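A quick write-up on the structure given underneath.
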Amino acid sequence: MNNIIENKNGILYFDGCNTLELVKKYGTPLYVMSETDIVDRFNQLKECFVNKYPNTRVAYASKAFCTVAMYQVCKREGTCIDVVSGGELYTAIKAEYPPERIEFNGNNKLRSEIELAVEYGIGRIIVDGLQELSIIEDVCKEKNKRVKILYRITPGVKSSSHDYIVTGKKDSKFGIPLDDDVIMKHVKDAIDSEWVDFLGFHYHVGSQLFDNESHLKATKITLDLIKKVKEKYDYNIREINLGGGFGVKYTDEVRKPYEYFITPMMEMINDYYKELGVELPAVVIEPGRSIVAEAGISLYTIGSTKEIRDVRKYVSVDGGMPDNIRPALYQAEYDGVVANKLNEEKNDKVSVCGKCCESGDILIKDIDITSTAKAGDVFAIFSTGAYGYSMASNYNGNPIPAVVMVKDGESELIVKAQSYEEMICNQLTAKKLI
Ligand code: LLP
């Protein structure tokens, strides 16, 4: 438990807020985000990266947690953001995010999304291939604007994480394969284009990583490519984006400090550029999960409990896979507590399940909690700040819960809970069916 999580007389406090009071005020299920923890992560990155090396930036991968308020925090903290859809970009525009500090990723950006990006004047488009380049050129020509681009490459390295969140291997829908004739044609077309300013390369090797090996391999591969571009076209690559992927603590994992990943990559880049004899490039990292995961908890109210003799006990909560799909989708593991009974002995092994009509709707399998847990108690799950709210759905007709931002004992609602009316507001009564 880090210092934003406290036990005061058996009650869970989060960033100074009594979780039972939060539940009284905002209801459950509830996502709670700690501003203190988020800012702390940004400060760690400033210390070991942005303030340590010149010409470096953090672009928060906002797919992890995308809300107007999160963009407000990023804006105030001076970071850049990475968006991956027109919807995320629209949210950033609503937050009046400085356009030059927005970067746009995605393997199949729609023309309408590129139009919105070019119109708003965003800082970078991370281009995934020649088809996209030609759409960008077309849109830029139409709007008489130029954009800065990087190419996302597929470095062809394997990393150890869940298969669904490994992205750097050769067989991937992301990025441009590094076969010489393929990538060099891309580079040439971008250099020659009058509508784009080709800055460099981007890679992202995967997510929830604890070993820096794939990052280092990918950096080396990117630097070799940069050298090739220099030799073949006498063109200086001015920017490298190293992606995100830094692992966080859900249960027993030991989180590595950012330096563990960043320092050796930066040393490699600096050495290489010295040898090339050209000016150091801008270096960008794109962390998502590691900024927000541990800054979030989910609060639920316990409902029915069911003991299947000699098998298991189920403790049901009023949310589940619609507000946290990660256990069902990736077999992700979480830790949790009965928030109003922290001082009671954990003398019962239970499975905490959601309310959906799916046997796989188990939030935590086999966790030790107090045997007195019963309907009306509050159950808190830790480290749900990343890819929880952002992957939420209305499955089984469950409205999307509210999000509250907390800091030093104060709370503010940043996303209202969806009402039933809002949940079905786009549904129409078909005239032909009357
Ligand atoms: N940059 C790019 C291009 C990415 O595709 C991603 C994540 C990131 C940065 C941020 O990676 P992070 O620092 O968050 O690991 N829904 C999955 C995670 C999908 C990650 C997709 N890409 C999950 O809940 O585990």
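Computed from a predicted model, the values in this text were never measured in an experiment. First listed ligand is number 1; within each ligand, the first listed atom is number 1.
Residues that satisfy the ring pair (Phe, Tyr, Trp, His ring centres under 6.0 Å) test with Phe104, not counting sequence neighbours, are absent from this structure.
Counting heavy atoms under 4.0 Å from ligand 1, residue Arg326 touches it through the side chain alone. The parts of Arg289 lying near ligand 1 are both backbone and side chain, judged by heavy-atom distances below 4.0 Å. Only the side chain of Tyr330 comes within 4.0 Å of ligand 1, counting heavy atoms alone; its backbone N, CA, C and O stay farther away.
Of all non-hydrogen atoms in Ser193 and Arg146, the two that sit nearest each other are O-NH2, 4.1 Å. The shortest heavy-atom contact between Glu47 and Lys52 is O-CB, 3.7 Å. In terms of heavy atoms, Tyr273 sits closest to Ile237 at OH-O, 2.8 Å.
Every atom of ligand 1 with a heavy atom of Gly245 under 4.0 Å away is listed here by number and element: 11 (O), 12 (P), 13 (O), 15 (O). Remark: ligand 1 atoms within the under-4.0 Å shell around heavy atoms of Ala61 are 8 (C), 9 (C), 10 (C). When each atom of ligand 1 is checked for a heavy atom of Met391 under 4.0 Å away, the hits are 16 (N), 24 (O). The atoms of ligand 1 that sit less than 4.0 Å from any heavy atom of Pro287 are 13 (O).
In summary, the aromatic rings of Phe198 and Tyr151 are positioned with their centroids under 6.0 Å apart.
Residue nearest to atom 20 (C) of ligand 1, selected from Tyr203, Tyr387, Phe246: Tyr387 (by heavy-atom distance).
In this structure, Tyr389 and Phe65 have perpendicular ring planes: the angle between them is above 60°, well past the 30° mark.
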